[in-house]
Protein chains: 2
Amino acid sequence: MAFSEFRPLDEKSLIEYIKATPVLSNKVGRNYDDLKIKEVGDGNLNFVYIVVGSAGSFVIKQALPYIRCIGESWPMTKERAYFEALALKVHGQLCPEHVPEVYHFDRTMSLIGMRYLEPPHIILRKGLIAGIKYPYLAEHMSTYMSKTLFYTSLLYRTTTEHKRDVAEFCGNVELCRLTEQVIFSDPYKVSQYNHWTSPYLDRDAEAVREDNVLKLEIAELKSKFCERAQALIHGDLHTGSVMVTSDSTQVIDPEFAFYGPMGFDVGAFIGNLFLAYFAQDGHADSFDDRRSYKEWILRMTEGTWNLFHKKFTAFWDKHKDGPGEAYLPAIYNNPELQQIVQEKFMKDLFHDTLGFGAAKMIRRIVGVAHVEDFESIKDDSKRAECERKALDFAKLLLKERRRFQSINEVVSAIPA
Amino acid sequence: MAFSEFRPLDEKSLIEYIKATPVLSNKVGRNYDDLKIKEVGDGNLNFVYIVVGSAGSFVIKQALPYIRCIGESWPMTKERAYFEALALKVHGQLCPEHVPEVYHFDRTMSLIGMRYLEPPHIILRKGLIAGIKYPYLAEHMSTYMSKTLFYTSLLYRTTTEHKRDVAEFCGNVELCRLTEQVIFSDPYKVSQYNHWTSPYLDRDAEAVREDNVLKLEIAELKSKFCERAQALIHGDLHTGSVMVTSDSTQVIDPEFAFYGPMGFDVGAFIGNLFLAYFAQDGHADSFDDRRSYKEWILRMTEGTWNLFHKKFTAFWDKHKDGPGEAYLPAIYNNPELQQIVQEKFMKDLFHDTLGFGAAKMIRRIVGVAHVEDFESIKDDSKRAECERKALDFAKLLLKERRRFQSINEVVSAIPA
Ligand SMILES: Nc1ncnc2c1ncn2[C@@H]1O[C@H](COP(=O)(O)OP(=O)(O)O)[C@@H](O)[C@H]1O
Ligand SMILES: Nc1ncnc2c1ncn2[C@@H]1O[C@H](COP(=O)(O)OP(=O)(O)O)[C@@H](O)[C@H]1O
Ligand SMILES: [Mg+2]
Ligand SMILES: [Mg+2]
Ligand SMILES: [Mg+2]
Ligand SMILES: [Mg+2]
Ligand SMILES: [Mg+2]
């Protein structure tokens, strides 16, 4: 071990750390003269250093015992790095094509060394704001989600494996509590951390806090989040946790990973695509009215769910005689039954997806952490208009999700 | 520690064990001459010794690394004794009036020393077969279930406590797997362990194995059982896990305890009351047609659920500003909302209860382990007739549970 006890690194001490850590120093050919180190953590929680040498490169992510964007006044266990590294490894094994390789993990230092997703990789959210189309995005994200969720669920695993891993990830409780607070609680009550585009959305924010039906629905979703250990979920799968190029899609930052409801991941991604959609009017200008881009987002959102559905059920079919203990072949091995069972499962998952997706949208408009999609719209009244449309749609989705049978119906319900 | 490594005890070695264990030897005043030791394990899994001396008494329960009623060919971790002792302690703290006190636990020996539930305590199932009315049963069981389930759920506890305890009880996975097999799987497939009153019920058993709707429903319940960590449940709360006198009700044998769905416990108890009901015609004779007793069972079943509902929601009201993190006061502290939230919660719990109760009934008729209620009916054709009625009702309940709004409606649906 390079350092015998935890200390927060900076650009300078990181070099010492690299020198003392063979797997890292080897990556850069033990050549430190031309080493370029840059802290790029634009995220909310952690410090991320890009390390590039002539022989190679990597990224170092370190968790400090508090939330970066708030400061030491909001403590948060640095053990989250352990669960992030573990999830990166598990998901990486299931889907290496869309998860950066982990080179190194140091629990004492709460530090992960992983593949540097070199340019032109950018954060997907930024690409969506810039109006860039990603032809493989739906294909890739549906692959990532179907693989990671199917293969960590009881559809593929035994109860013994499942309970062992559920127990381990129960340790990531502080991050789960943070989600509970910022997604399932704060937006529905007065909280010092909430904010919104004021005064435009004052009444809208208040309406959220006074909507009994919304509160009933969010309670159901919260209880699923807290109680239902369905699969090893990423836990923070918004468009800021995905890095892309035109033909590469990489999922980073699973520090919120635990055994939770699958719909929380699928919903996070789809909900954030809807946010990207509703923000487009705020990005339109005389060169680009964004109409074609809005269309593309909607088609891609449909594609994401539909491909996810297809791949997930294909894995199920493929492994129906496999190790998974949820649906034993001796009971369910009958094509008609297999079909009704899958339809019910996917329908429930779809409704969970819509519910969690809606919850994620709401919290980004009236909760503590907002999204660049909207924040980058400089004009307050224009931003508020976009946000209100998103909020109204999210409220509809949360309340009425069970009446939707397909993603196409959902998309059709979006006001133009 | 009395014995440094595990060994199965018998009446003789148990005396040595007691002598070497102060808390036990003190109980009997260190007087071994008049000590009476009797193995009484009528249960399926373990060995139970009653130890009575002139100065005091206790019961010793030891788990062996296999299932007693099957033999060494069906191994089963003896660590189950650890989880039983833990659950007895947790539930005993919450509801000391209905849980026998644990005097001693020895993990190495998989051995629990607990209060001897002295005569006239008998196993409730035997009392129900004998046609004995227990005036406090509904009152006591509703107290036990509401206390143990409410106070171990997120309605009363923090996420931090919850996840810590969920993780611990994940260790009881072998017992969970046994439940999965015998309740949620075996009855719905051909299994060497299944049996039923043949040839009378051959077609009925086959019909269960060929009923797609039933299989769809049992899958939903199984997934709740495997995935939903709602409360610390007893896990085996049938009428053979309750010992009673006319005014005492004691719940024993929580070796299947883990964090699971509340409805699994409430359903186990109510389902077994229904089994007792359907068996009554087989116990009727010229002295007692059991009509009044059948009425009593039904009223008591209604009372159990209705009192459970009342007490559970009363705990909720009492602690709505308490530590529980499921429904934060800042969001839900509004009488109208509190009511709709509770109604939804209790409706879902009711439907879970009916579903799990029905599953428990079915498995006792066509699965591996049957109940004395029916087994004690000597005449095969008469027994089959009782069992068929129970089975048909259970199938209806499992499939149609969501259309019932109250326990009284359920009871009204029972054929006379
Ligand atoms: N493997 C990587 N390759 C390139 N850039 C990365 C990598 N991991 C993180 N980053 C950059 O660092 C930022 C923050 O990383 P992230 O893991 O999301 O941290 P946080 O947990 O603080 O949100 C990302 O938005 C991205 O720009
Ligand atoms: N504390 C007790 N006091 C009196 N009798 C008991 C006690 N515990 C168990 N018994 C008797 O032993 C039997 C088996 O106990 P139980 O805990 O149900 O074991 P198993 O796990 O094998 O089913 C019970 O049916 C009851 O007759
Ligand atoms: Mg991030
Ligand atoms: Mg972040
Ligand atoms: Mg993060
Ligand atoms: Mg027993
Ligand atoms: Mg037992």
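Since the structure is predicted, the reported quantities are computational estimates derived from the model, not experimental observations. First the proteins, then the strands, lettered A, B, ... as listed; each starts at 1.
- Here the CD-NZ distance, from B/E227 to A/K224, works out to 10.5 Å after rounding to the nearest 0.5 Å.
- With a 4.5 angstrom heavy-atom cutoff, A/E180 touches chain B only via side-chain atoms.
- In this structure a side-chain-to-backbone donor-acceptor pair under 3.5 Å is present from A/Y332 to B/K215.
- Taking the side chain to side chain donor-acceptor pair (under 3.5 Å) definition, one finds that B/K395 meets it with nothing, sequence neighbours left out.
- Contact count versus chain B (heavy atoms, under 4.5 Å) is highest, among A/V173, A/T159, A/I331, for A/I331.
- The part of B/E220 that comes within reach of chain A is its side chain, from C-beta onward, which places non-hydrogen atoms under 4.5 angstrom from that chain.
- For a residue to count as touching a neighbouring chain, one of its non-hydrogen atoms must lie under 4.5 Å from one of that chain's; by this rule A/N172 does not touch chain B.
- A/S185 touches chain B through backbone and side chain together, each having a heavy atom under 4.5 Å away.
- When the candidates B/Y188, B/Y259, B/F184 are compared by the number of heavy-atom contacts under 4.5 Å with chain A, B/Y188 comes out ahead.
- Between the OG1 atom in B/T160 and the CZ atom in A/R177 there is a gap of 4.0 Å [rounded to 0.5 Å].
- Among the residues in residues 340-348 of chain B, those with a non-hydrogen atom closer than 4.5 angstrom to a non-hydrogen atom of chain A are B/I340, B/V341, B/K344.
- In terms of non-hydrogen atom pairs under 4.5 Å with chain A, the most contact-rich of B/P261, B/G171, B/A219 is B/A219.
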>> Test side chain to side chain contact (heavy atoms under 4.5 Å, CB included) on B/N333 and A/K189; report intermediate values, then the result.
In response: CA-CA 11 Å; B/N333 224 342; A/K189 67 196 246 307; over 6 Å; no
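- Contact annotation for A/C226: both backbone and side-chain heavy atoms come within less than 4.5 Å of a heavy atom of chain B.
- The shortest side-chain heavy-atom distance between A/S223 and B/R228 falls under the 4.5 Å cut-off.
- Applying a 4.5 Å heavy-atom cutoff, the residues of residues 313-326 of chain B that approach chain A are B/E325, B/A326.
- B/K163 is listed as a side-chain neighbour of A/C176, based on a closest heavy-atom distance under 4.5 Å.
- Judged as a side-chain contact (heavy atoms from CB on, under 4.5 Å), and not counting sequence neighbours, B/Q192 has no contacts.
- Interface remark: B/F258 contributes side-chain atoms only to the contact with chain A (heavy atom separation under 4.5 Å).
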